[in-house]
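Contents: one structure, followed by commentary.
Convention: sequence-line order gives letters A, B, ...; per-chain numbering from 1.
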Protein chains: 2
Amino acid sequence: MKKRPTILDVADKAGVSKSTVSLVLQNSPSVRQSTREDVNRAISDLGYVYNRSAAGLRGASSGLIGLIINDLRNPFFTEFAASAQMEFARKGYSTVIANTDEDPGNQAQVIGTMIEHGVSAFVISPAYGGGDNAFDRIEHAGIPTMQVLRQVDNRTGLFPFATHNYAAGGEMATHHLIDLGCRKIAFVGGLKDRPITNERMSGYRTVMTALGYSATTFHGRPSRAFGREMALTIASEHPEIEAAICFSDLVALGMLSGFAEAGVKVGEDFRLVGFDDIEESSLVYPRLSSIRCDTELFGQSAAQAMLTWIVDDIRPPDVKHHDVNLIERQSSVGPDHE
Amino acid sequence: MKKRPTILDVADKAGVSKSTVSLVLQNSPSVRQSTREDVNRAISDLGYVYNRSAAGLRGASSGLIGLIINDLRNPFFTEFAASAQMEFARKGYSTVIANTDEDPGNQAQVIGTMIEHGVSAFVISPAYGGGDNAFDRIEHAGIPTMQVLRQVDNRTGLFPFATHNYAAGGEMATHHLIDLGCRKIAFVGGLKDRPITNERMSGYRTVMTALGYSATTFHGRPSRAFGREMALTIASEHPEIEAAICFSDLVALGMLSGFAEAGVKVGEDFRLVGFDDIEESSLVYPRLSSIRCDTELFGQSAAQAMLTWIVDDIRPPDVKHHDVNLIERQSSVGPDHE
DNA sequence: GAAAAAAGTACCCTTTAGACT
DNA sequence: CAGTCTAAAGGGTACTTTTTT
């Protein structure tokens, strides 16, 4: 296998020096048009490909973004990751990805390796636990880093945080269910005492308390399995409950199939609102009402914010809450709803 | 921001030459234990981090694997990608990922960028169309590359192909439905004339033809939306059809909600088998029978095959079909099934 | 004097001042 | 001044040479 050509080969072929070739590669204005053409011809004749490692060594940015996700298999995070990656690609950046599977050990390991690769930035939806040493290493390496969707390190001056405005979403959903006549409303899913759980629950809590209704919560893993289980439990042991707001669509979809199994008609006997509005939610039956966090847009915005940080040196705000809105569908409004 | 220390700084601090530091970093046996300790102490004192770009420049592998996926948001591919990525990470390799969204243009672009980054290997679930130029560029760059889940370039000697044994799965599912007494069985989903569609359909075709039953196919995008639509169509216009095998679980899940909407009891009035056995399929109601392609295991195996290729220089076989098996659940066997 | 350990030194490919025409 | 070129730098690797045992 013959080794690939370098700018030196290109320079020879084009009859110029390698500096000139380098200038052409960078679209420098200070090179004559005819020379540029000679060089470009040589480049395509030789099938030359740019070597970013060598460039990175000399100071240029590596063009690599580290994207670290706590649970890549969860469609909510998949959507975010895919969207951010594509936005980076559009701007010529490559994305090094890692799924940590909620394991701080994995997280620390991949962060270390990515630093070795010289990533220009990190976008992290972090795993909980494991202390701040991973973030400390990033700080030490001086790499621009955003926390997204989960805030684990509270130095937001150092690691800006971007997420959805969950509290507002919870309030909207609660008002919606109350407007439909529900009084006994539960909140289902989300591990106890997790910041994200508290945040997603806060709107519900606020409204229920303000109106003097009692709040009931069923904590648990934000999974389909837990949702299904809780639907069966509620159907058999808490028949007085009229409605639920779920920690995530995954939980709500689990409840949907649990209720189907138990013979409870969702949208009539029980009203349900999810959280995230993943694609699937508009396609199940009954269609799931959900607090829509436009994750595709969010992923794009996060990627853009990071790019303006590393390209134009404009930091994102310490904390940014993206708007959410409530999508009313059959699972709360009833089966006649379109 | 102070620049990060280099092996030269480490060498100074430890009182050795940089060659020795390099040897320590590579765990070379030809360095005295005491020296090794001195060097390692210097490394942690200085907070030195290895610079892989510089290493890669001199010839060592970059430790970067390019993972290119046609539709990362599809849980089937997400599962594969996450699993392969984690296996690579376990062995110290970082994964550069790109979602091409079925666009050969995107695909060509990200392949180009990844070659510039000097990826050591490619694992590609390719987009259809767009000719072979992307693969030609890879060939020219001489980078070991596997096609997975979809074969687009037929030079499998150059680009080995690994996938599931879909044909066998289709046969199993068809026999299963016939054993349950069905005769009018349809195949639903999958774009016409796509190799993957033909492969997933082939087992069904083979068995139906062999037994003298007629085969009916409804082609379309492998999405929930299409599944839902077809369920409604079948319920209203083809009531004679007793069962269906779906191109993917996504389609089957769409049909499930379509039938729920139409009031058809799946597992009794209509028997349904999906393809892929994604996590969700075991959690919906009725639980979905599916041809299980153990994608997590497949992702691991593919990653391992690639690693033995680039590390031990042992090529994977040109074509490899991984075993699949049929998971019987309520949607085909009936609601009494566990 | 041979083997082991450490040091010396090209070289990898590109960028970027600064020199040159 | 415009356009090119020269040469050093950047962080490692690996072959060669020297110094220790």
Side-chain angles (χ1 to χ4, degrees), chain A residues 1-40 42-43 46-64 113 115-120 141-142, chain B residues 1-40 42-43 46-64 113 115-120 141-142:
Chain A
M1 196 142 303
K2 56 203 165 300
K3 41 207 281 274
R4 59 198 223 184
T6 75
I7 53 169
L8 255 170
D9 302 317
V10 175
D12 274 1
K13 177 109 182 175
V16 300
S17 80
K18 58 176 181 165
S19 314
T20 306
V21 177
S22 179
L23 291 174
V24 170
L25 288 173
Q26 298 169 77
N27 276 310
S28 161
S30 69
V31 50
R32 206 190 307 134
Q33 187 56 28
S34 63
T35 312
R36 185 186 306 279
E37 279 159 15
D38 291 348
V39 171
N40 282 325
I43 285 178
L46 265 51
Y48 164 79
V49 301
Y50 187 67
N51 182 330
R52 292 200 186 234
S53 303
L57 193 51
R58 187 62 182 119
S61 123
S62 70
L64 244 31
T113 312
I115 293 177
E116 293 183 356
H117 278 292
V119 294
S120 305
Chain B
M1 199 144 297
K2 57 204 164 298
K3 40 207 281 275
R4 58 198 221 184
T6 76
I7 52 168
L8 256 169
D9 302 318
V10 175
D12 275 0
K13 176 109 182 177
V16 299
S17 79
K18 65 171 182 166
S19 312
T20 306
V21 177
S22 180
L23 292 173
V24 171
L25 288 174
Q26 298 170 75
N27 277 311
S28 161
S30 68
V31 49
R32 205 189 307 135
Q33 187 57 29
S34 62
T35 312
R36 183 186 307 279
E37 281 159 13
D38 291 348
V39 171
N40 281 326
I43 285 178
L46 265 52
Y48 164 79
V49 301
Y50 187 67
N51 181 331
R52 293 198 186 234
S53 306
L57 196 49
R58 181 58 206 203
S61 120
S62 70
L64 244 30
T113 313
I115 293 177
E116 293 184 356
H117 278 293
V119 294
S120 306

Item to check | Minimum heavy-atom distance between B/Ala14 and B/Ala42, given as atom pair plus value | outcome: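 So the two residues come closest at CB-CB, 3.9 Å.
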
Item to check | Nearest atoms (heavy-atom pairs only) where B/Tyr48 meets B/Thr6 | outcome: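 Minimum heavy-atom contact is CE1-C, 3.6 Å.
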
With a non-hydrogen cut-off below 4.0 angstrom, is [X] in contact with a base, only sugar-phosphate, or nothing?
{"X": "A/Val16", "result": "sugar-phosphate"}
{"X": "B/Val49", "result": "sugar-phosphate"}
{"X": "A/Gly118", "result": "nothing"}

Between [atom2] on [N] and [atom1] on [X], what's the gap in Å once rounded to a whole number?
{"X": "A/Glu116", "N": "D/dG11", "atom1": "CD", "atom2": "C1'", "result": "13 Å"}
{"X": "B/Arg52", "N": "D/dG12", "atom1": "CZ", "atom2": "P", "result": "12 Å"}
{"X": "B/Ile7", "N": "D/dG12", "atom1": "CD1", "atom2": "C1'", "result": "5 Å"}
{"X": "A/Leu57", "N": "C/dT15", "atom1": "CG", "atom2": "P", "result": "11 Å"}
{"X": "A/Tyr50", "N": "C/dT14", "atom1": "OH", "atom2": "P", "result": "8 Å"}
{"X": "B/Asp12", "N": "C/dA7", "atom1": "CG", "atom2": "P", "result": "11 Å"}
{"X": "B/Lys18", "N": "D/dG11", "atom1": "NZ", "atom2": "C1'", "result": "7 Å"}
{"X": "A/Tyr48", "N": "C/dT14", "atom1": "OH", "atom2": "C1'", "result": "7 Å"}

Options [options], nucleotide nearest the side-chain atoms of [X]:
{"X": "A/Asn51", "options": "C/dT14, D/dG12, D/dA7", "answer": "C/dT14"}
{"X": "B/Ser17", "options": "C/dG8, D/dT4, D/dG12", "answer": "C/dG8"}
{"X": "A/Ala54", "options": "D/dT4, C/dT14, D/dG12", "answer": "C/dT14"}

Can you find a side chain N or O atom of [X] that sits less than 4.0 Å from OP1 or OP2 on [N]?
{"X": "A/Thr35", "N": "D/dT4", "value": "yes"}
{"X": "B/Arg32", "N": "C/dA6", "value": "yes"}
{"X": "B/Gln26", "N": "D/dA14", "value": "yes"}
{"X": "A/Thr20", "N": "D/dT4", "value": "no"}

Next on the checklist: Can you confirm whether A/Leu64 sits close enough to A/Arg52 that some side-chain heavy atom of one is under 4.5 Å from a side-chain heavy atom of the other?
Outcome noted: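 In short, these two side chains do not touch, never coming nearer than 4.5 Å.
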
Checklist entry - Does the side chain of B/Leu23 come within less than 4.5 Å of B/Val39's, by heavy atoms? => result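 They are not in contact (no side-chain heavy atoms under 4.5 Å apart), so the answer is no.
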
Item to check | Nearest-nucleotide 5' precedence on DNA chain C, B/Arg58 against B/Ser30 | outcome: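 Nearest nucleotide further toward 5': that of B/Ser30.
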
Checklist entry - When rounded to the nearest 0.5 angstrom, what is the spacing between NE2 in A/His117 and OG in B/Ser62? => result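 Reported value, rounded in 0.5 Å steps: 6.5 Å.
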
Next on the checklist: Would the base of C/dT15 count as contacting A/Ser22 through its side chain, where contact means a donor and an acceptor less than 3.5 Å apart?
Outcome noted: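 When only heavy-atom distances are counted, A/Ser22 does not reach the base of C/dT15 through any donor-acceptor pair under 3.5 Å.
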
